[in-house]
Amino acid sequence: MDGTLITPSFTSLYGQTEIDPLSLHSLTGNHSDDIDLDMVRRMYHAKVQEAIRLIRPLWTITLDGALYRPQDWQPLTADEAEELHDLIDTIDVDAIISEATR
């Protein structure tokens with residue numbers, strides 16, 4: 001991966017750090033056998049990456065939620081962090097889970 005690690009969890013940019021921020025297993029509950037959780041992770045990852053790139057186009061998120069940036073990076077401003085949180089908070093997780101249900 002090119003770039004330098006900013007944080008092992010993108011959630012630390014705007015709130016409490018989650019160990020595996022791209023795992024939505026807890027949201028699927030007892031229905032997880034009917035849901036392709038790998039697809040859920042990949043689809044959610046794509047949406048989070050899209051949100052991050054709206055604010056910082058050169059930043060990259062890995063499938064485990066780690067965030068990388070180019071060498072000449074600047075930290076997010078408070079407004080950017082709030083905007084990122086809002087963008088990620090509006091991701092329609094229910095639609096992603098519905099699409100990944102077998």
Evaluation steps, side-chain contact (heavy atoms from CB on, under 4.5 Å), between Tyr44 and Ile97
CA-CA 9 Å; Tyr44 186 65; Ile97 291 172; over 6 Å; no
Apply side chain to side chain contact (heavy atoms under 4.5 Å, CB included) to Thr77 and list each qualifying residue two or more places apart in sequence or on a separate chain.
Asp79, Glu80
Once rounded to the nearest 0.5 Å, what's the spacing between atom CG of Leu67 and atom CG of Leu76?
8.0 Å
Restricting to side chain to side chain donor-acceptor pair (under 3.5 Å), what partner residues turn up for Arg53, sequence neighbours left out?
Thr60
Of all residues at least two apart in sequence or in a different chain, which pass the side chain to side chain contact (heavy atoms under 4.5 Å, CB included) check with Asp72?
Pro70
Which heavy atom in His45 sits nearest to a heavy atom in Ile61, and how many Å separate them?
NE2-O, 2.8 Å
Can you check whether Val40's main-chain N or O pairs, donor with acceptor, with Glu99's side chain at less than 3.5 Å?
no
The reported gap from CD1 in Ile55 to CD in Glu50 (rounded to nearest 0.5 angstrom) is 11.5 Å
What's the shortest heavy-atom distance between Gln49 and Trp59, and which atoms?
NE2-O, 3.0 Å
Heavy-atom side-chain proximity of Asp89 to Tyr14 below 4.5 angstrom
no
So, Arg41 side chain and Leu63 main chain: donor-acceptor pair closer than 3.5 Å or not?
yes
Contacts of type side chain to side chain contact (heavy atoms under 4.5 Å, CB included), residue Ala66, not counting sequence neighbours:
Leu5, Thr62, Asp64, Tyr68
Hey, are the side chains of Ile52 and Leu13 touching, using non-hydrogen atoms and a 4.5 Å cut-off?
no
Tell me every residue that passes side chain to side chain contact (heavy atoms under 4.5 Å, CB included) with Asp94, counting only those two or more places apart in sequence or in another chain.
Asp92
Would you please test Leu84 and Phe10 for side-chain contact (heavy atoms from CB on, under 4.5 Å) and show each step?
CA-CA 10 Å; Leu84 179 60; Phe10 67 88; 5.7 Å; no
Just by distance, do the side chain of Arg56 and the backbone of Gln74 share a donor-acceptor pair under 3.5 Å?
yes
Could you give the distance from CZ (Arg69) to OG1 (Thr4), rounded to the nearest 0.5 Å?
4.0 Å
Is it the case that one hydrophobic cluster holds both Met43 and Leu54, taking links as side-chain heavy atoms less than 4.5 Å apart, direct or via other members?
yes
